[in-house]
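To keep things clear, I will list the structure first and then write my remarks on it.
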Amino acid sequence: MNVCFVTSECVPYVKTGGLADVSGALPVALSRLGVHVKLILPLYDSIRVFDHGFIHATEFHGQSVSVADEVIPFNVWYGHLPDSEVEVYLVDCPRFFHGGRIYTNRPDEVLRFVFLQHAAIRILQQYAWSPDIIHANDWQTALLPRLIRTEYAWDHLFGRTRSILTIHNLAYQGHVPEWLSLRLDGVGNCLEDGIRHADRIVTVSPTYAREIQTYEFGEGLDGWLRSRGWDLDGILNGMDTEVWNPASDPHITTPYSAEAPGGKQQNRSALLKEFGLPAGDDSLVVGVISRFATQKGLDLLLAVLDDVLARSPVTFVVLGSGDAVLEDGFRYARQRHPERLGLRIGYDEALAHRIEAGADAFLMPSRYEPCGLNQMYSMRYGTLPIVHATGGLADTVIDLDEHPENGTGFIFRQPEPQAMAHALTRAVQAFRDGNRWAAAMRRGMQKDFSWDHASQAWLDVYRRALAQSRP
Ligand code: ADP
Ligand code: GLC
């Protein structure tokens, strides 16, 4: 089976969030199942082509595509995802992708990714490579399902191709400015266009697949999603169990595992020391690693932080960046509680590992969460997640008080400050019972969140798409 996977970010080259983790892992898992994958993404100026072993694909010298009445030249770089057979093609167009940022607020933001999609099609044409599946991800690549049926319908290369759209986050839709819409067959919303035209739609957890068909979570597209309900699946993301493995993690102080969990204590001490926090053994150390965006619900934490700290022995370690109001909110909170709240504003991969290893619990109060990866990393690191019951969080965490025999964390049902505070209090109580806590840690660490399950489910979806006749 030939699959062309098109994405706007991918680990290890460029990452702002979970989409990059998935783009770097799912194609590799599929290729281990015998699928032939070509992965296409932009060459942003932050990507060092030579460090990643890319070579210039000379056959693209002097090539261009015509987009919105403009001829746009580009180059292509060719390589492989590490230790895999997945072929990677980087679309090199300085005008669009050398602005220092992956996503911009520029007026040509949508045009940048429209261009990427035409270039992706041109790459397949250049190699006369007929994909069974074109796999688009989020709004940045959501026009591909329609493009292969309209503008490129003349090309037999795509005659039997089926398209899949993965929705990693429904809130970002790619609204097309009017000047551009006129040149794009009147498309006004990229994600909506993909939802209407993809042969199948997949989102990244079963619960989110149900939620997005409701008014509350549908972001204005629930009507379209309901109308495509038969073609919509939810497949829980896997996680990279090599990169996130406490037994071999090069970023942490002392390795540990479910069988030999002792080392976690040293990581805890090292983390507290790094942040200059005096927390004793009875204090629950709660980690947060997040984009600071409304989605993530961190304002709920800021709303009850003073109360929680006054009432319970809790210490927070927070890593993240984004929304300036939230950044300032956490800076101010640290000034008020310098001994109870450690803060790093920024993006830091190695520190993210040290927090997962050193914290006792991990907080994700997301208002919505299509899948979420950190709750899975947390369980693997014996760090009990405290989560709002939504999307992938609801699908991966089992509440310890409700299910004493198989609980792995703490869940609250309403995205409200008091509900979150109550879950934190329950975690503090459970933490006092060392045996109970240790058993929950062990259960989480033994869970299998690898891509093995997910990639098989993806293969099934591809097969179903191929078996589907086209109207
Ligand atoms: P989303 O994609 O919505 O941000 P996910 O949970 O799917 O949420 O993925 C977030 C990914 O980004 C995780 O791998 C997480 O560790 C990482 N991450 C987020 N913020 C930071 C940060 N400030 N520093 C390091 N890693 C971060
Ligand atoms: C999005 C979602 C996140 C999901 C990730 C990967 O960024 O916000 O929940 O885990 O995509 O699918």
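Position 1 is the first residue of the sequence; numbering continues from there. Counting starts at 1 for both ligands and their atoms, in listed order. Because the structure is predicted, anything quoted here is derived from the model rather than measured.
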Show me the donor-acceptor pairs, under 3.5 Å and distance only, between side chains in residues 132-145 and residues at least two apart or in other chains.
| from | atom 1 | to | atom 2 | distance (Å) |
| --- | --- | --- | --- | --- |
| Asp132 | OD1 | Arg160 | NH1 | 2.6 |
| Asp132 | OD2 | Asn2 | N | 2.7 |
| His135 | ND1 | Tyr462 | OH | 2.7 |
| His135 | NE2 | Thr166 | OG1 | 2.7 |
| Asn137 | OD1 | His168 | NE2 | 2.9 |
| Asn137 | ND2 | Val6 | O | 3.0 |
| Asp138 | OD1 | His168 | N | 2.6 |
| Asp138 | OD1 | Asn169 | N | 3.3 |
| Thr141 | OG1 | Asn137 | N | 2.6 |
| Thr141 | OG1 | Asn137 | O | 2.9 |

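Looking at ligand 2, you won't find any N or O of Lys296 less than 3.5 Å from one of its N or O atoms. Looking at ligand 1, you'll find an N or O of Arg291 within less than 3.5 Å of one of its N or O atoms. For ligand 2, the polar-atom distance check against Gly372 finds a nitrogen or oxygen pair separated by under 3.5 Å. Below 3.5 Å of separation, one finds an N or O of Gly346 facing an N or O of ligand 1. Looking at ligand 2, you'll find an N or O of Cys371 within less than 3.5 Å of one of its N or O atoms. Distances between N or O atoms of Asp21 and those of ligand 1 include at least one value under 3.5 Å.
At the top of the distance list for atom 22 (C) of ligand 1, counting protein heavy atoms only, stands Tyr347 CD1, 3.4 Å. Residue, atom and distance of the protein heavy atom nearest to atom 14 (O) of ligand 1 are Lys15 NZ, 2.9 Å. Ranking protein heavy atoms by distance to atom 6 (O) of ligand 1, first place goes to Leu373 N, 2.9 Å. Here the heavy atom of the protein found nearest to atom 15 (C) of ligand 1 is Asn374 OD1, 3.0 Å. Remark: minimum distance from atom 24 (N) of ligand 1 to any protein heavy atom is reached at Asp348 N, 3.0 Å. Among protein heavy atoms, atom 2 (O) of ligand 1 sits closest to Gly18 N, 2.5 Å. Among protein heavy atoms, the minimum distance from atom 20 (N) of ligand 1 is reached at Ser290 C, 3.6 Å. In this structure, the protein non-hydrogen atom closest to atom 1 (C) of ligand 2 is His168 O, 3.1 Å.
With a 4.0 Å heavy-atom cut-off, ligand 2 is reached by the side chain of Asn237 but not by its N, CA, C or O. No part of Asn169 comes within 4.0 Å of ligand 1, judged by heavy-atom distances. In Lys296, the part holding a heavy atom less than 4.0 Å from any atom of ligand 1 is the side chain. Only side-chain heavy atoms of Asn169 come within less than 4.0 Å of ligand 2; its backbone N, CA, C and O stay farther off. Contacts with ligand 1 closer than 4.0 Å are made by no heavy atom of Pro370, backbone or side chain.
Put simply, the side chain of Lys38 does not reach to within 4.5 Å of the side chain of Val3, judged on heavy atoms. A 4.5 Å side-chain heavy-atom check between Val86 and His80 finds every atom pair outside the cut-off.
For the pair Arg344 and Phe275, the cation-pi criterion (under 6.0 Å, within 45° of the ring axis) is fulfilled.
Defined by atom type and a distance below 3.5 Å, a donor-acceptor pair is present between the side-chain atoms of Arg200 and Gln468. Side-chain contact of Glu211 with Thr390: a donor-acceptor pair under 3.5 Å is present, judged by distance alone. When only modelled atom types and interatomic distance are considered, Glu356 and Ser378 share a side-chain donor-acceptor pair under 3.5 Å. For the residue pair Thr207/Arg210, the side-chain donor-acceptor check at 3.5 Å is satisfied.
Legend: ring pair (Phe, Tyr, Trp, His ring centres under 6.0 Å) pairs involving residues 189-233, not counting sequence neighbours: none detected.
Atoms CG and CG, on Leu26 and Asp21 in that order, are 12.0 Å from each other to the nearest 0.5 Å.
Remark: ligand 1 atoms within the under-4.0 Å shell around heavy atoms of Gly320 are 23 (N).
Taking 4.0 Å as the cut-off, Gly392 does not count as a neighbour of ligand 2 on heavy-atom distance.
Using the six-membered ring where Trp is involved, Phe97 and Phe115 have ring planes that are tilted, between 30° and 60° apart.
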